[in-house]
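To keep things clear, I will list the structure first and then write my remarks on it.
Everything quoted here is computed from the prediction, not taken from an experiment. Naming convention: chains lettered A, B, ... in sequence-line order (proteins, then strands); numbering from 1 in each chain.
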Number of protein chains: 2
Amino acid sequence: MQRTAAQTRVLDAALQLFAQYGVGGTSLQMIADSIGVTKAAVYRQFKAKDDIVIAATERGLGRLEEALEAAEAQPNAKRARDRLLRAVVDVAVEDRRLASTLQFDPVVVGLLASQPPFQQFIARLYGVLIGEAGEEARLGAAMLAGAIGVAVMHPLTADVDDDTLRAYLLKYARRLIT
Amino acid sequence: MQRTAAQTRVLDAALQLFAQYGVGGTSLQMIADSIGVTKAAVYRQFKAKDDIVIAATERGLGRLEEALEAAEAQPNAKRARDRLLRAVVDVAVEDRRLASTLQFDPVVVGLLASQPPFQQFIARLYGVLIGEAGEEARLGAAMLAGAIGVAVMHPLTADVDDDTLRAYLLKYARRLIT
DNA sequence: GTCTATATAACGATAGAC
DNA sequence: GTCTATCGTTATATAGAC
């Protein structure tokens with residue numbers, strides 16, 4: 001989806017506020033104030049608050065789309081999984097706060113559950129990461145999702161630089177899904 | 001803190017709604033309706049919504065208090081850590097949805113950050129789990145927190161029974177902090 | 001402890017001028 | 001694309017009777 005400059009400004013401000021206050025704790029007034037316009041100007045770009053949440057999520061997950069397609073085209077399952085895992089870690093580290101907002105915010109979770117395209121995307125992601133595997137593999141994947149999402153924004157890791165964080169995450173992540 | 005029966009009814013209803021809709025998405029009207037009384041009756045028990053959130057969190061973390069004290073009294077650091085880890089996993093599994101609400105809800109996180117007693121409790125918890133260790137141990141602990149919190153409520157693990165979940169969580173958890 | 005009723009503020013969202 | 005002004009709803013919270 002191609003966004004105008006005004007829409008991009010709204011999304012940038014919204015994502016920052018969502019990460020800090022949660023989606024439910026972020027009002028359109030706060031978004032408008034943060035950009036320096038009125039609420040009406042924001043509504044001109046997105047006709048409802050839900051649309052802002054959805055667009056923000058699309059932008060966040062969009063960065064994984066390319067990596068997912070590449071992984072699905074890779075015939076070697078183990079290699080596909082490893083490359084996708086690397087992409088997931090990259091995105092999470094690069095956008096530390098966004099990662100946990102999208103994964104854990106109750107409003108985002110509830111909204112995404114009602115949007116089939118998102119469910120399908122997530123299903124494809126896990127399909128590559130754990131295949132059609134059994135109980136133990138599913139549990140490992142669930143722990144992996146939480147481990148990455150939380151580790152990148154946890155106070156304990158706030159002073160860890162990106163490269164180090166990436167390296168450790170990959171190392172431990174492989175322990176969880178191998 | 002000793003609670004009256006009326007206060008307990010409020011907390012029970014609040015926790016269930018918090019887990020389902022998030023704290024920000026749960027109004028006092030919803031809590032009152034769920035109990036079958038009016039808002040005014042709820043305000044009689046807790047003078048503000050924040051107080052309900054704090055009391056609910058206290059009750060959730062209170063179940064770890066005893067285990068934490070026992071662990072701190074244990075001279076063998078490795079054994080102390082393992083016993084505390086077991087208690088954390090037990091509480092998380094037993095109250096699957098509550099665990100992630102308390103850890104990840106933006107409102108809870110923001111509110112707890114302004115309550116020194118909670119910060120101290122969390123610091124004590126991590127103190128036993130990772131000691132005064134370095135970067136890698138801190139990162140392992142952060143991943144561990146996310147892994148447990150997410151795994152117990154993830155759709156991928158919804159059909160895994162408690163005993164199996166506990167066993168797997170302990171097994172993988174030890175891979176993260178050893 | 002619970003009720004009715006209300007104060008006050010903020011929310012999401014829209015109309016219409018510029 | 002942004003503004004002022006406003007609608008209708010819901011939120012937190014309180015006063016006072018029973």
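For residues 134-155 of chain A, the pairs satisfying salt bridge (charged side-chain N to carboxylate O under 4.0 Å, His left out) are A:Glu136-B:Lys171, A:Arg138-B:Asp159, with sequence neighbours left out. Residue pairs meeting the salt bridge (charged side-chain N to carboxylate O under 4.0 Å, His left out) criterion with at least one member in residues 104-113 of chain A, sequence neighbours excluded, do not occur.
Other members of a hydrophobic cluster containing B:Val109 are absent, since no ILVMFWY side chain comes under 4.5 Å of it, directly or through relayed contacts. Hydrophobic cluster of A:Phe104: the remaining members, joined at side-chain heavy-atom separations below 4.5 Å, are A:Val150, B:Phe104, B:Val150, listed by chain and number.
Screening B:Glu69, B:Gln119, B:Glu72 for a side chain to side chain donor-acceptor pair (under 3.5 Å) involving B:Arg124 leaves a single residue, B:Glu72.
In the region residues 19-37 of chain B, proximity to DNA chain D at under 4.0 angstrom, judged on heavy atoms, holds for B:Thr26, B:Ser27, B:Leu28. Taking a 4.0 Å limit (strictly below) on heavy-atom distances, residues 43-55 of chain B reaches DNA chain C at B:Arg44, B:Gln45. Heavy-atom distances under 4.0 Å link DNA chain D to no residue of residues 3-16 of chain B.
Side-chain N or O atoms of A:Gln45 include none that pairs as donor or acceptor with a backbone N or O of A:Val42 at under 3.5 Å.
Side-chain contact check for B:Asp12 and B:Gln16: no donor-acceptor pair (N or O, by modelled atom type) lies under 3.5 Å.
Here A:Lys47 pairs with A:Asp51 under the salt bridge (charged side-chain N to carboxylate O under 4.0 Å, His left out) rule; sequence neighbours left out. Qualifying salt bridge (charged side-chain N to carboxylate O under 4.0 Å, His left out) partners for B:Asp95, counting only residues two or more places apart in sequence or in other chains: B:Arg63. Here B:Tyr172 pairs with nothing under the ring-ring contact (aromatic ring centres under 6.0 Å, His included) rule; sequence neighbours left out. Considering only residues two or more places apart in sequence or on other chains, A:Arg97 meets the salt bridge (charged side-chain N to carboxylate O under 4.0 Å, His left out) condition with none of them.
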What protein N or O atoms touch nucleotides 5-8 of chain D N or O atoms at under 3.5 angstrom, if any, and at what distances?
none

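Residue B:Thr38 places no side-chain N or O under 4.0 Å from the OP1 or OP2 atom of C:dT2.
Remark: B:Asp161 does not engage B:Arg166 in a salt bridge, criterion side-chain N to carboxylate O under 4.0 Å.
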